[in-house]
Amino acid sequence: LPNGVDCAFFANGDGAAFRAAYGIPPDRHIVLCVSRIDYQKNQIGLVEAIAGVVSRHPEVHLVLLGPVTVASYHQRLLARVRELGLEPQVTLVPGLRSDDPMLRNAFHAADAFCLPSLHEPFGIVILEAWAAGLPVIASRVGGIPSFTCDGEDVLHADPGDSDHLGRRLIELLDHPELATRLAAAGHEKARRDYDWSTISKRLLA
């Protein structure tokens, strides 16, 4: 079964409600990562990238949302946030059900989406971010390059390279017109090629 996304589900959300629920001020620029808390997903690398971004963009706020599947990695992640003094800039939400409205709200609270994985067979959350209208930065790893195009609908980052990931984040933040263009192209690709209605017709044919 091909990978797909329910574009209608992610089309609307209450970003203000998510910010209020987790105490994130409205003037913060949210970078969202939705994935399980696991070594393969490399949230520590993203935290280290954010450390290099906040000096230039102090308004940045990182939201890590996903179930904890490796408890020891979760503890390392929290420790790294403390070591870098990033507690005010990082919010960790340990998992929401896939049908929880607050998940949609998280996407609509965000200004950008980042997937820093070291291993990723496909990356369905990229489709979800596109469906919600977000610009995306993702590791150039696994199946991600098979359906994304660097500079057109996504910015690719070298896997495991926090410095490069940070530079790509700064590039997106420094150029709002780039963010808008990437988001529009990604949204159109999700709607055109990956919505479940399209996938279903293709399978039936």
Side-chain angles (χ1 to χ4, degrees), residues 1-15 18 29-38 40-43 45-46 49 62-67 69 93-159 165 168-169 171-172 178-205:
L1 186 67
N3 291 297
V5 64
D6 184 351
C7 288
F9 178 83
F10 288 97
N12 299 294
D14 188 344
F18 182 87
H29 191 111
I30 292 179
V31 175
L32 174 67
C33 176
V34 177
S35 60
R36 67 184 187 273
I37 308 302
D38 185 294
Q40 294 182 355
K41 301 302 183 179
N42 192 35
Q43 288 93 346
L46 179 52
L62 177 62
V63 172
L64 302 173
L65 193 161
T69 54
V93 181
L96 295 171
R97 297 189 324 273
S98 61
D99 61 347
D100 191 324
M102 197 59 80
L103 176 61
R104 285 182 295 178
N105 293 347
F107 280 97
H108 285 271
D111 299 282
F113 186 86
C114 188
L115 188 63
S117 304
L118 300 175
H119 171 75
E120 197 66 61
F122 184 80
I124 292 176
V125 286
I126 293 175
L127 300 182
E128 296 173 349
W130 280 349
L134 290 176
V136 173
I137 298 174
S139 292
R140 188 189 294 104
V141 70
I144 292 174
S146 70
F147 72 99
T148 63
C149 186
D150 185 41
E152 292 187 14
D153 50 44
V154 72
L155 292 182
H156 285 157
D158 296 334
L165 180 58
R168 300 249 75 177
L169 283 163
E171 181 181 354
L172 196 68
L178 171 63
T180 299
R181 179 169 57 80
L182 293 174
H187 185 268
E188 174 59 20
K189 181 180 280 189
R191 185 198 62 78
R192 183 188 66 235
D193 298 335
Y194 291 100
D195 187 73
W196 281 122
S197 61
T198 301
I199 298 291
S200 298
K201 290 175 183 175
R202 192 179 303 149
L203 284 171
L204 287 170

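We number each residue from 1, following the sequence as shown. A quick note: this is a predicted structure, and the numbers were derived from the prediction, not measured. Worth knowing before you read on, the calculation uses all heavy atoms, side chains too, and leaves out hydrogens, waters and symmetry mates.
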Using a strict threshold of under 4.0 Å (side-chain N to carboxylate O), is an ion pair present between Glu152 and Arg181?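 Salt bridge between Arg181 and Glu152, a charged N being under 4.0 Å from a carboxylate O: no.
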
State the [atom1]-[atom2] distance between [X] and [Y], to the nearest 0.5 angstrom.
X      : Y      : atom1 : atom2 : result
Leu65  : Leu96  : CG    : CG    : 4.5 Å
Arg140 : Arg168 : CZ    : CZ    : 7.5 Å
Ile144 : Ser117 : CD1   : OG    : 5.5 Å
Leu103 : Arg97  : CG    : CZ    : 10.0 Å
Phe113 : Ile30  : CZ    : CD1   : 13.0 Å
Ser197 : Arg202 : OG    : CZ    : 10.0 Å

For a side-chain contact (heavy atoms from CB on, under 4.5 Å) with Cys114, tell me which candidate from Leu62, Leu32, Leu165 qualifies.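 Per the side-chain contact (heavy atoms from CB on, under 4.5 Å) rule, the option paired with Cys114 is Leu165, out of Leu62, Leu32, Leu165.
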
Identified side-chain contact (heavy atoms from CB on, under 4.5 Å) partner of Ile126 from the options Leu115, Asp153, Val154: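 Option passing the side-chain contact (heavy atoms from CB on, under 4.5 Å) with Ile126: Leu115.
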
Counting N and O atoms only, with roles assigned by atom type, does the side chain of [X] sit under 3.5 Å from a partner on the main chain of [Y], one being a donor and the other an acceptor?
X      : Y      : answer
Thr198 : Tyr194 : no
Asn105 : Asp14  : yes
Ser139 : Pro116 : yes
Thr69  : Asp38  : no

Heavy-atom pair of closest approach, residues [X] and [Y]:
X      : Y      : result
Ile137 : Ala157 : CG2-CB, 4.4 Å
Pro135 : Ala179 : CB-O, 3.5 Å
Ala131 : Ala190 : N-CB, 4.3 Å
Phe18  : Ala106 : CE1-CB, 3.5 Å

Please examine the side chains of [Y] and [X], heavy atoms only from C-beta on, and report whether any two atoms are closer than 4.5 Å.
X      : Y      : value
Phe107 : Leu134 : yes
Cys33  : Val125 : no
Leu182 : Leu172 : yes
Leu155 : Asp150 : yes
Ile199 : Asp193 : no
Glu120 : Lys41  : yes
Val31  : Leu169 : yes
Val141 : His119 : no

Side chain to side chain donor-acceptor pair (under 3.5 Å) against Glu188, all qualifying residues, sequence neighbours excluded: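 Result, side chain to side chain donor-acceptor pair (under 3.5 Å) vs Glu188: Arg191.
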
Evaluate the side chain to side chain contact (heavy atoms under 4.5 Å, CB included) criterion for residues Asn12 and Arg104: first the C-alpha distance (whole Å), next the side-chain angles of each, then the deciding distance (0.1 Å), finally the verdict. CA-CA 7 Å; Asn12 299 294; Arg104 285 182 295 178; 5.6 Å; no

How far apart are the C-alpha atoms of Thr148 and His156, what are their side-chain angles, what is the distance that settles it, and do they pass the side-chain hydrogen bond (donor to acceptor under 3.5 Å, both in side chains) test? CA-CA 9 Å; Thr148 63; His156 285 157; 2.7 Å; yes

Should Phe122 and Phe147 be marked as a ring-ring contact (aromatic ring centres under 6.0 Å, His included) after you check the CA-CA gap, both sets of side-chain angles, and the distance that decides it? CA-CA 8 Å; Phe122 184 80; Phe147 72 99; 4.1 Å; yes

Take Ser35 and Gln43, measure what side-chain hydrogen bond (donor to acceptor under 3.5 Å, both in side chains) needs, and give me the verdict at the end. CA-CA 9 Å; Ser35 60; Gln43 288 93 346; 3.1 Å; yes

